[in-house]
Peer 1: 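Sending over a structure as structure tokens; questions will come in a sec.
As the structure is a computational prediction, the values presented were derived from the model and not from experiment. Letters go in sequence order (proteins before strands), and every chain restarts at 1. Atom set for the values below is all heavy atoms of this structure, side chains included, hydrogens, waters and symmetry mates excluded.
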Amino acid sequence: MFNYLLRRLITVIPILLGISIISFAIMQAAPGNPAVMTMDPTISAEARARQLEALGLNDPIPVQYVKWLSGVVRGDFGLSYTQRRPVMEMILERLPNTLLLMLVATILAMLVSIPIGIYQARKRGSALDYGATVFSFAGLAMPNFWLAMMLIMLLSVQMGWFPVGGVSTLGADFSILDRLHHLILPALVLATSDMAALTRYTRSSMIDVLNQDYIRTARAKGLVERTVVYRHGLRNGLIPIVTIFALMLPTMIGGSVIVETIFSWPGIGRMFISAVFERDYPVIMAITMIAAVLTVIGNLIADICYALLDPRIEY
Amino acid sequence: MLEPKQYRPLLSVNNLRTSFFRKGVELPVVDDVSFEVSSGETLAIVGESGSGKSVTSLSVMRLIPSPGGRIMGGEVLFDGMDLTMLPEKRMYDVRGNEIAMIFQDPMSSLNPVLTIGEQIAESLRLHKGLSKGKAMHKAIEILRTVGFARAAEIVNEYPHQLSGGMRQRVMIAMAMSCNPKLLIADEPTTALDVTVQAQILDLMQNLKKEFNSAIILITHDLGVVAELADKVIVMYAGKVVEQASVRELFNNPQHPYTRGLMQSVPKLDQDEDRLFSIGGNVPTPDNFPKGCRFCTRCPQVMPKCHQQQPELIKVGDNHLSRCFLHEAADV
């Protein structure tokens, strides 16, 4: 197992290198540059050229990449063009907010969809099964920005049940309840599509498992239905679900960009959007790399979970 | 406990009818089946795939896949209780404890993510109230009984680490763990190598002697029947077509279908180019003929067979057969 992890971590290096090259290239290929987007348009051409030179943006792109890379290896993601602060510092300020949002959304998705999926598998063809199916498809089909705006309009503006955005009430003392109150809507929106997908996957995986011979064996032993489903069924049913979890992580990072923007959630997703608009290259690259690392970690965790769930898998 | 004063079979199935429903249409997969088994006795249920023999045994266990299937009528008297009427809660005490079952495919009948020990100990903890440690101890003991020398290691292994024959022995160990009064073995050797088959049959024979359990053996292998069974019922398309002691059935098969089955067994002393086979297939329940269910394949079919269903007729001592030919012979 340890050897396997070590091997996996080594293969991660070329993956991350590849991702960084591609994102760097795409970023450079996008129209506009920091000079156009953020500098005072009234300064002289000479001053502008001097600034571009100072930022290193006159170098050939491969040189710029190597310079960036040599910084990253030393843990230095450079200075933000717009804020003139170390990118790492800015990210560390905001990353916990995003991770919290993603964690709560993931737990929410799991807690809701796995029990519903199991119930659907057990009561196939029941009214509740059809109802949950309809909701799953609705959840998958709804764009999250639309859902976010609807929820804000209904629950925050009209009913006044939830704040319209932010992480906490301005000026108030820290309280967990206040934090949760602010967290519910964005987490719900972020979780919706994954919740829907996960429900569908749990349902089909459990239907498959509950038709297996060993489930009949378990029933023939005289086990009550609950034990049959949860002890004998669920562990087998979860094996394919783990893959879905690994795939959920990147979509959540993507989703957080939209959700954070709509709910003015001070996380890296929102920071990413403004960085893109301002062509703040160091920030864009740093966040892209963090997303890549999170995705790779998600896959690694999924692989470890396989081995824990399924004794047939050995590394 | 009172000793039963008069002879009473352990299990007596009377006029059992189990149907599956497809688009609201009733498909009688088991139709008016009756038989009895006593302790220490082995009853074989023989028939081709689709004859309803597995569904008969699942009906006894009340494990018919639901929704879809249902016991429509008849009674399953086990130790004086009608299992078809028993509340589901009480069935939990019967299954695995008083009636245990071994399934056809040992490769898929064990849970791949639980250790052998956990799977055997589970029944013991449930039905005998043993603690985790004691149940595991007992599991090792039972595994020794079914012939595992390394029982203490096997309990910690997973099904995928064992061969097919070993897994079937684990299944038997699991089934016998609570000393059931009745063991239902649904094609226990079909999926195994011939050499392993003999081991499993020997094992079942020994266990029957040791525990004095009744056994219902479901098979399409007449060799296995000759080896293990005391009496036999032959099923065809959901109906019992012949019923006799094993000796009587092999010496004097009466029903054309049973005779066909006997002829399909290859014999060393005959030098034929082709093996005999009964032409055609078992009709599916939505396709049962109006008359005798075997009329579509019977070599001795008469016009009457297409019109009417024959009854089970006594053709000898403890020998019943469902065929119009016997009537004709009487006249």
Side-chain angles (χ1 to χ4, degrees), chain A residues 1 114 118-130 202-203 205-243 302-315, chain B residues 54 57-58 60-68 88-116 118-128 156-161 167 170-171 174-175 177-178 180 183-184 186 191:
Chain A
M1 189 75 186
I114 292 181
I118 294 172
Y119 182 87
Q120 284 185 283
R122 289 174 64 178
K123 309 271 152 134
R124 233 178 318 160
S126 66
L128 239 140
D129 179 23
Y130 286 121
T202 308
R203 178 182 183 273
S205 173
M206 284 305 283
I207 285 175
D208 183 45
V209 165
L210 292 179
N211 281 325
Q212 295 291 318
D213 287 348
Y214 53 79
I215 294 296
R216 190 180 54 186
T217 309
R219 291 207 174 104
K221 271 185 199 173
L223 298 173
V224 296
E225 195 57 20
R226 199 179 51 245
T227 318
V228 171
V229 171
Y230 287 95
R231 184 174 150 87
H232 286 264
L234 188 57
R235 245 187 96 178
N236 286 289
L238 278 182
I239 295 170
I241 304 290
V242 165
T243 318
D303 281 340
I304 294 169
C305 287
Y306 281 138
L308 292 179
L309 282 171
D310 191 345
R312 285 164 296 187
I313 293 174
E314 272 175 58
Y315 296 116
Chain B
S54 289
S57 65
L58 289 174
V60 171
M61 289 287 265
R62 287 247 311 261
L63 283 176
I64 299 295
S66 161
E88 187 63 18
K89 262 192 176 163
R90 292 277 315 279
M91 263 326 276
Y92 288 132
D93 300 331
V94 174
R95 287 190 203 116
N97 190 23
E98 302 199 60
I99 308 181
M101 199 157 175
I102 305 171
F103 295 100
Q104 177 173 1
D105 189 355
M107 304 314 258
S108 59
S109 294
L110 289 167
N111 193 327
V113 303
L114 299 176
T115 64
I116 303 298
E118 283 173 310
Q119 297 190 54
I120 299 175
E122 198 172 30
S123 307
L124 291 162
R125 294 175 64 189
L126 181 74
H127 296 299
K128 303 297 176 201
N156 293 319
E157 287 181 10
Y158 288 94
H160 71 274
Q161 290 166 287
R167 288 190 217 184
V170 169
M171 284 297 291
M174 221 156 79
S177 62
C178 296
L183 175 68
I184 302 177
D186 188 352

Peer 1: Roughly how far apart are B/Asp186 CG and B/Phe103 CZ, rounded to 0.5 Å?
Peer 2: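 With rounding to 0.5 Å, CG (B/Asp186) is 7.5 Å from CZ (B/Phe103).
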Peer 1: Between B/Met174, B/Gln161, B/Met91, who has the most heavy-atom pairs with chain A when the cutoff is under 4.5 Å?
Peer 2: B/Met174
Peer 1: Under 4.0 Å between a side-chain nitrogen and a carboxylate oxygen: does that hold for B/Glu88 and B/Arg95?
Peer 2: yes
Peer 1: Working to the nearest 0.5 Å, report the span between CG of A/Leu223 and NE2 of A/His232.
Peer 2: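 So the CG of A/Leu223 and the NE2 of A/His232 are separated by 5.0 Å.
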Peer 1: With a 4.5 angstrom heavy-atom cut-off, which part of B/Leu58 approaches chain A: side chain, backbone, both or neither?
Peer 2: side chain
Peer 1: Using the rule side chain to side chain donor-acceptor pair (under 3.5 Å), only one of A/Gln120, A/Arg122, A/Lys123, A/Arg124 pairs with A/Asp129; which is it?
Peer 2: A/Gln120
Peer 1: Among the options A/Asp310, A/Thr217, A/Thr227, pick out the one with the most heavy-atom pairs lying under 4.5 Å from chain B.
Peer 2: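 When all of A/Asp310, A/Thr217, A/Thr227 are compared, A/Thr217 has the most.
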Peer 1: How far does CZ of B/Arg62 sit from CZ of B/Arg90, to the nearest 0.5 angstrom?
Peer 2: 11.0 Å
Peer 1: Chain A heavy atoms under 4.5 Å from B/Leu63: which part of the residue, side chain, backbone, both or neither?
Peer 2: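 Contact with chain A involves the side chain of B/Leu63 alone.
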Peer 1: Roughly how far apart are B/Ile102 CD1 and B/Ser57 OG, rounded to 0.5 Å?
Peer 2: 11.5 Å
Peer 1: Let's test your reading of the structure: which of B/Gln104, B/Met107, B/Met171, B/Gln119 forms the most heavy-atom pairs below 4.5 Å with chain A?
Peer 2: B/Gln119
Peer 1: Quick check on the interface: out of B/Pro180, B/Pro112, B/Cys178, B/Ser177, who has the most heavy-atom pairs with chain A under 4.5 Å?
Peer 2: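 Between B/Pro180, B/Pro112, B/Cys178, B/Ser177, the count favours B/Pro112.
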Peer 1: Which atoms of A/Ile215 come close to chain B, meaning under 4.5 Å heavy atom to heavy atom: side chain ones, backbone ones, both, or neither?
Peer 2: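 When you check distances to chain B, no heavy atom of A/Ile215 falls under 4.5 Å.
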Peer 1: Quick check on B/Glu157 against chain A: is it the side chain, the backbone, both or neither that has a heavy atom closer than 4.5 Å?
Peer 2: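 It is neither, since no heavy atom gets under 4.5 Å.
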Peer 1: When A/Thr202 is tested against each of A/Ile207, A/Leu238, A/Ile114 for side-chain contact (heavy atoms from CB on, under 4.5 Å), which residue passes?
Peer 2: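 It is A/Ile114; the other options fail the test.
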Peer 1: Can you tell which of A/Asp213, A/Ile239, A/Leu309 has the highest number of heavy-atom pairs within less than 4.5 Å of chain B?
Peer 2: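 Result: the option with the highest number of such pairs is A/Asp213.
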